[in-house]
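By convention in this document, chain letters (A, B, ...) are assigned in the order of the sequence lines, proteins followed by strands, and residues within each chain are numbered from 1. Everything numeric here is computed off the predicted structure, so don't read it as measured data.
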Amino acid sequence: MRGTHDLLADAMRRHRKVEETAATLAARSGFAEIATPIFEFTEVFGRSLGDTSDIVSKEMYTFADKGGDSLTLRPEGTAGVVRAFISGRLHQQLPFKGFYRGPMFRHERPQKGRLRQFHQIGVELLGAAEPLADVEVIALGYDILTALGVADLVQLEINTLGDGESRDIYRQRLVDYLRGHSERLSEDSQLRLERNPLRILDSKDPTDRAVIEGAPAMSASLTDAAKQFFDRVCEGLTALGVAFQLNERLVRGLDYYCHTAFEFTTDALGSQGAVLAGGRYDGLVAALGGPATPGVGWAAGVERLAMLIAEPDGAKRPLVIAPLDDGRDVEVLTLAQRLRRAGFTVEVGFSGNLGKRMKRANRLNARAAILIGGTEGSRGAAVVRDMETGEQVEVPLDSLDSHLERFR
RNA sequence: GCGGGAGUAGCUCAGGUGGUUAGAGCGCCAGAUUGUGGAUCUGGAUGCCGCGGGUUCGAGUCCCGUCUCUCGCCCCA
């Protein structure tokens with residue numbers, strides 16, 4: 001199916017490396033792993049993401065269930081987590097810190113690093129209004145990228161959208177300015193002017209950019225409180241040694257963001273450059289019907305990260321057991337099972353003569369081969385061959401386990 | 001959703017302007033080696049040429065449709 005992908009051995013290993021690294025580091029910062037359903041009532045997304053966002057207006061997989069309810073496969077993780085936070089009445093114990101991973105669904109035109117079913121990892125921190133929370137969340141993202149070995153490939157950009165008041169002021173100023181130049185804006189931006197004027201700021205269209213040059217700056221519209229908040233976020237990041245670059249054009253596509261917006265981007269993935277992005281969303285819990293609770297979080301694309309990381313270690317090198325003569329299938333399997341129960345990784349060939357089995361052992365990247373039966377077998381011993389050196393020794397069956405320790 | 005490129009063996013690719021049995025390298029299989037892998041040598045099989053339709057005496061090659069991938073836009077993780 002278009003825009004979907006099977007995760008086969010190698011891709012799955014990369015995928016797991018990303019998820020496991022993130023889950024481990026998130027847990028260290030107190031983010032417990034949670035899982036919410038991959039579908040929700042459609043209104044959960046409609047109310048949280050904003051009706052004018054592209055995700056809601058054209059990218060959702062929405063369907064009616066048999067009772068007539070409108071359901072939607074989740075296009076992102078935050079809305080579901082917040083819904084779970086509300087329905088589980090978790091506001092009793094704040095802050096709430098959750099880590100999630102799993103598939104997301106958006107009906108988009110696929111590209112490399114952009115799929116219709118893709119996977120995200122993410123964290124949400126609810127109930128902390130302090131800038132320190134933003135810092136902790138961003139620093140966790142940075143540490144995960146570092147642990148994955150991709151920190152050198154990405155750059156952190158941050159901006160502030162201000163509080164509600166700042167945002168309203170700025171929005172008005174921006175719209176006033178852009179209206180005066182609307183005939184020079186691209187077709188896309190003409191539409192954005194009505195629906196989401198802030199987005200025009202990061203348009204790639206060259207003529208748009210010329211108009212934007214003269215646009216009023218967001219920073220000039222910030223209230224003192226919003227400005228102070230952002231300063232403290234920046235100070236915190238600096239104190240932690242997390243390098244960032246201010247980008248006044250950085251905005252968010254989803255309505256629920258305020259204050260801090262940030263994005264780790266890379267130029268190694270073509271135009272799908274965002275690998276981990278998020279921000280603060282103080283109004284979201286209330287918008288979904290919960291008690292007013294501030295929040296901050298991020299999400300990262302697992303496939304995008306998986307493409308950036310180095311090849312993870314392969315599977316553990318196995319021991320291979322092969323018979324020296326016929327009729328030893330049961331013996332081979334019993335020994336294999338015994339060694340597996342002792343913690344060894346063991347493979348058995350199912351057919352073929354010794355040459356064929358050795359060949360297969362080689363392909364499996366076996367660490368050693370254990371040959372049973374034959375004349376050694378009649379002496380109560382097995383042949384153990386080191387597949388790296390070719391060195392071969394006869395080992396009594398009752399001391400086999402301890403002899404194999406070196407190949408574990 | 002808009003615009004460009006591509007689809008030939010398991011993989012990477014070659015197949016001027018249509019012309020019999022579609023090729024290479026790597027990999028795979030078999031043998032040289034019936035108690036031993038990697039290296040070498042010898043031999044072998046690779047295939048609805050993405051799918052469907054059309055033009056033609058004849059289509060991998062030209063045309064249309066469709067699917068998938070890919071690049072850019074849009075959007076975003």
[X] versus [Y]: any side-chain heavy-atom pair under 4.5 Å?
{"X": "A:Tyr100", "Y": "A:Val81", "answer": "yes"}
{"X": "A:Glu40", "Y": "A:Thr72", "answer": "no"}
{"X": "A:Val384", "Y": "A:Leu400", "answer": "yes"}
{"X": "A:Arg367", "Y": "A:Glu388", "answer": "yes"}
{"X": "A:Leu404", "Y": "A:Leu319", "answer": "yes"}

Just call it for [X]: base, sugar-phosphate, or nothing, with non-hydrogen atoms closer than 4.0 Å on any strand.
{"X": "A:Arg114", "answer": "base"}
{"X": "A:Gly113", "answer": "base"}
{"X": "A:Leu115", "answer": "base"}
{"X": "A:Ala299", "answer": "sugar-phosphate"}

**Study point:** Any A:Gln111 side-chain nitrogen or oxygen under 4.0 Å from OP1 or OP2 of B:G72
**Key:** yes

Revision key, fill the gap. By nearest-heavy-atom nucleotide on RNA chain B, the more 5' of A:Glu76 and A:Gly3 is A:Gly3

Review point. What does B:A24 pair with, Watson-Crick or G-U, if both distances are under 3.5 Å?
Key: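 B:U12 - that is the nucleotide pairing with B:A24, both distances being under 3.5 Å.
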
Review point. Does B:G7 pair with anything, Watson-Crick or G-U wobble, both distances under 3.5 Å, and if so, with which nucleotide?
Key: B:C67

Practice item. For nucleotides 31-37 of chain B, just jot down a letter per nucleotide in 5' to 3' order: B, S or -, based on protein non-hydrogen atoms under 4.0 Å. Key: ----BBB

Measuring only the [atom1] atom in each nucleotide, how far is [N] from [M]? A whole number of Å is fine.
{"N": "B:A22", "M": "B:C49", "atom1": "C1'", "answer": "8 Å"}
{"N": "B:U70", "M": "B:G52", "atom1": "P", "answer": "24 Å"}
{"N": "B:G31", "M": "B:C71", "atom1": "C1'", "answer": "48 Å"}
{"N": "B:G60", "M": "B:G50", "atom1": "C1'", "answer": "12 Å"}

Exercise for review: Measure from the side-chain heavy atoms of A:Lys112 and tell me the nearest of B:C76, B:C71, B:C74.
Suggested key: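 The closest nucleotide is B:C71.
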
Practice item. State, to 0.1 Å, how close A:Ser166 and A:Gly162 come at their nearest heavy-atom pair, and which atoms those are. Key: CB-CA, 3.9 Å

Check your understanding: What residues form a ring-ring contact (aromatic ring centres under 6.0 Å, His included) with A:Phe229, not counting sequence neighbours?
Key ->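 Here the qualifying residues are A:His259.
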
